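Please read the structure below before turning to the comments.
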Amino acid sequence: SDPERSAHRPGLTPSDPPHRLTTMTHPLAASLRALSAMLFLVAPAACEEHAPAPPLATQVARLVAELGDPQRSRRDQASQQLEALGIDVLPLLEMPLAMARGEAAWRLQTLRSRLSQRAVAEAIEPSRVVAAPLGMPLADAFEAVFTSRGGRLPVDASAGVGAAVTSAVPAGEVSSYWEEVGRLLADGDCRLEETDVSPGGVRIRSRLAGEPAALATAAGPLRVELLRAAAVPPEQPRAVRLTLKVFWEPRMRPIMLQLPMASLIAEGEAGEVIPPRQRAAVVEASPRGDAGTVTVSVLLAAPAPALERIASLRGSFAVWVPAGDLELRLPLSEGLRGASEQQAGDARVRLESSRVSREGLVVRLRADYPASDALASHRTWITRRELSCWLDRQPLTTLSDRVVRRDERGLAREAVFALPEGIDPAEVDGQVRWRLPLAIRKFPVDFQLRGIPTPYSSDAKNDDSG
């Protein structure tokens, strides 16, 4: 049978290699020679710390060539080693993939898919940690959580001083990041606090005298906490406003959170339904800068008769996150001759033009993704993504950077860089670098809060903080 057809038979899955194995075709070999000539696009500068040796592009070129080796074991080993290099190899796979045939093409397609899927999964799946044992000093327990993939939260010097873990769990039990943080906060009589003086705008502190314990729940990679419940308006209430504080794992950088009112289900202790005031509305919140939390308010109809507590509040957030942070690099020389393009995952970057003016080196680029609410015109997150220009492995000073065009698929930026005197960009190795996510994903996060005191409860009346 024809080896190329066997590589694309209906029903073939990534775990089922083609029956007939093919060596690397001549077009793929040609693409590898071109890839080797592009080493300066991805090889880290010699002055950068921890520069890999050999450079990434050299490793990729060698391993892609081994995908055509006559020995199955060497082909398998090359696939495994390429996958171990991570998502940084994705831009380097586009040229070989366009030229590959037979099993080599199948392996490259599988690798691209697996790396993209892994990046998305790592972005949205909650981090897992081993629960701290009974009696462990609280400071050590927090440190064990913060060295996990979830990331570190600043801890106030007075928080949980001398305290230890008091809640018993089975030895070796694994829980989510926020389940374990919530347990340790309760054991240490601590709370999370929004602050301007800590990285991410969040820190752990001791609970103040008379301050209630937090009413919160762990919801996958999020922690949802009740901030207050208030009657609206206070004199003749027609609604109850619940203000929620939403935290995410420090490793995450959500683009935005949406809470459709249609997803909310609030019930009293006897099963009374408390509907949202505007069921068709969607509450939206976007983080400011590197903030680790946002505040969301929801309006529920005032229960009649007045209820002491809302027994259960359930809902589902839609969370938009960037997945797989990646630096895409385009050769400046191609921009001087015309447009050049590079793609990795869903991200496609096009160097539309580069020219020398009296102001300096003017570069215009465009980034595109599948159409998404995360790229709406009022979103600014992508404009804050680092853009730089390098000549002879030295970064140029950015003089200006502005958005010149945008739509629901992406945007175009024009930046001006200071050009060293006597340097001709066409005569030296140069590149434009733009750090972008591999993909943008929307995923649901369900939550449930129990036992919420209403403004009519004795707890709320005796607690000014709500």
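For clarity, every value in this text was computed on a predicted model and none was experimentally measured.
- For Arg152 and Glu143, the salt-bridge test passes: some basic side-chain N is under 4.0 Å from an acidic carboxylate O.
- Counting only heavy atoms from C-beta outward, the side chains of Val181 and Phe247 never approach each other to under 4.5 Å.
- Rounded to the nearest 0.5 Å, atoms CZ (Arg112) and CD (Gln343) are 7.0 Å apart.
- Here the closest non-hydrogen pair linking Ile87 and Ala119 is CG2-CB, 4.0 Å.
- Side-chain contact annotation: Glu359 with Ser357, donor-acceptor N/O pair under 3.5 Å present.
- For Arg314, the side chain to side chain contact (heavy atoms under 4.5 Å, CB included) partners at least two apart in sequence or on another chain are Ile265, Glu267, Ser312, Gln448.
- In summary, Arg385 and Asp325 engage in a salt bridge, as defined by a charged side-chain N under 4.0 Å from a carboxylate O.
- One distance of note links CD1 of Ile255 with CZ of Arg253; it measures 12.5 Å at 0.5 Å rounding.
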task = Check the pair Tyr369 / Leu436 against side chain to side chain contact (heavy atoms under 4.5 Å, CB included), numbers first and verdict last.
result = CA-CA 11 Å; Tyr369 291 88; Leu436 291 167; 3.4 Å; yes
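- A heavy-atom distance below 4.5 Å is found between the side chains of Leu330 and Leu365.
- Closest non-hydrogen pair, Arg75 versus Pro70, comes out as NH1-O, 3.0 Å.
- Side-chain contact between Tyr177 and Ser148 is present, with heavy atoms from C-beta onward closer than 4.5 Å.
- Annotation: side chain of Arg348 is not in contact with side chain of Arg409 (no heavy-atom distance under 4.5 Å).
- Considering only residues two or more places apart in sequence or on other chains, Gln71 meets the side chain to side chain contact (heavy atoms under 4.5 Å, CB included) condition with Asp69, Ser73, Arg74.
- Atom CG of Leu375 is separated from atom CH2 of Trp320 by 9.0 Å, given to the nearest 0.5 angstrom.
- Distance check: Gln117 CD to Leu438 CG gives 11.0 Å after rounding to the nearest 0.5 Å.
- Screening residues 170-180 for salt bridge (Lys or Arg N to Asp or Glu O under 4.0 Å), with sequence neighbours left out, gives Glu180-Arg183.
- Considering CG of Leu351 and OG of Ser353, their distance stands at 7.0 Å, rounded to 0.5 Å.
- Within the 3.5 Å criterion, the main-chain N or O of Ala262 finds a donor-acceptor partner in the side chain of Arg279.
- Between Leu67 and Ser79, some side-chain heavy-atom pair lies under the 4.5 Å cut-off.
- With sequence neighbours excluded, no residue satisfies salt bridge (Lys or Arg N to Asp or Glu O under 4.0 Å) with Arg358.
- Within the 3.5 Å criterion, the main-chain N or O of Pro221 finds a donor-acceptor partner in the side chain of Trp178.
- Looking only at atom types and distance, the side chain of Thr293 has no donor-acceptor partner in the side chain of Glu194 under 3.5 Å away.
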message = For a side chain to side chain contact (heavy atoms under 4.5 Å, CB included) check, start with the C-alpha distance between Glu122 and Arg149, then their side-chain angles and the critical distance, and finish with the verdict.
response = CA-CA 9 Å; Glu122 289 177 351; Arg149 189 173 66 94; 3.9 Å; yes
task = Evaluate the side chain to side chain contact (heavy atoms under 4.5 Å, CB included) criterion for residues Val165 and Asp140: first the C-alpha distance (whole Å), next the side-chain angles of each, then the deciding distance (0.1 Å), finally the verdict.
result = CA-CA 10 Å; Val165 176; Asp140 294 343; over 6 Å; no
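- In this structure, Leu419 and Leu391 have side chains that are in contact, with non-hydrogen atoms separated by less than 4.5 Å.
- Applying the 6.0 Å contact sphere to CZ of Arg450 captures no more than 12 heavy atoms from other residues, nucleotides or ligands.
- Among all heavy-atom pairs drawn from Val120 and Ala439, the shortest one is CG2-CB, 4.4 Å.
- For the pair Arg107 and Asp76, the salt-bridge criterion is met [side-chain N within less than 4.0 Å of a carboxylate O].
- For the side chain to side chain contact (heavy atoms under 4.5 Å, CB included) test, residues two or more places apart in sequence or in another chain that qualify with Ala376 are His378, Arg379.
- Put simply, SG on Cys389 and CG on Leu332 are 5.0 Å apart, with the number rounded to the nearest 0.5 Å.
- Among all heavy-atom pairs drawn from Ser176 and Arg128, the shortest one is CB-NH1, 3.7 Å.
- The side chain to side chain contact (heavy atoms under 4.5 Å, CB included) search around Gln77 returns Gln81, not counting sequence neighbours.
- Thr110 and Arg114 form no side-chain donor-acceptor contact under 3.5 Å, judged by distance and modelled atom types alone.
- For the pair Val321/Trp248, no side-chain contact is recorded, criterion being any heavy-atom separation below 4.5 Å from C-beta on.
- Contact of the Leu115 side chain with the Glu83 side chain is registered, since non-hydrogen atoms from C-beta on lie closer than 4.5 Å.
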task = For Arg223 and Glu225, run salt bridge (Lys or Arg N to Asp or Glu O under 4.0 Å): C-alpha distance rounded to whole Å, both residues' side-chain angles, the deciding distance at 0.1 Å, then the answer.
result = CA-CA 6 Å; Arg223 172 182 167 94; Glu225 185 174 306; 3.2 Å; yes
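- Atom CZ of Arg384 has more than 12 neighbouring heavy atoms from other residues, nucleotides or ligands inside a 6.0 Å radius.
- Under 4.0 Å is where a charged nitrogen must lie from a carboxylate oxygen, and between Arg366 and Asp407 at least one such pair does.
- Remark: the backbone N or O of Ser316 is paired with a side-chain donor or acceptor of Ser263 at under 3.5 angstrom.
- Minimum interatomic distance between Ile440 and Ser372 (heavy atoms only, all atoms of both residues): CG2-OG, 4.4 Å.
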query = Could you walk me through whether Val64 and Leu93 pass the side chain to side chain contact (heavy atoms under 4.5 Å, CB included) check?
reply = CA-CA 8 Å; Val64 169; Leu93 298 182; 4.2 Å; yes
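- Using modelled atom types, one side-chain atom of Trp381 and one backbone atom of Ala374 make a donor-acceptor pair closer than 3.5 Å.
- Under the 4.0 Å criterion applied to side-chain N and carboxylate O atoms, Arg329 and Glu327 are assigned as salt-bridge partners.
- In terms of heavy atoms, Ala344 sits closest to Pro91 at CB-CG, 3.8 Å.
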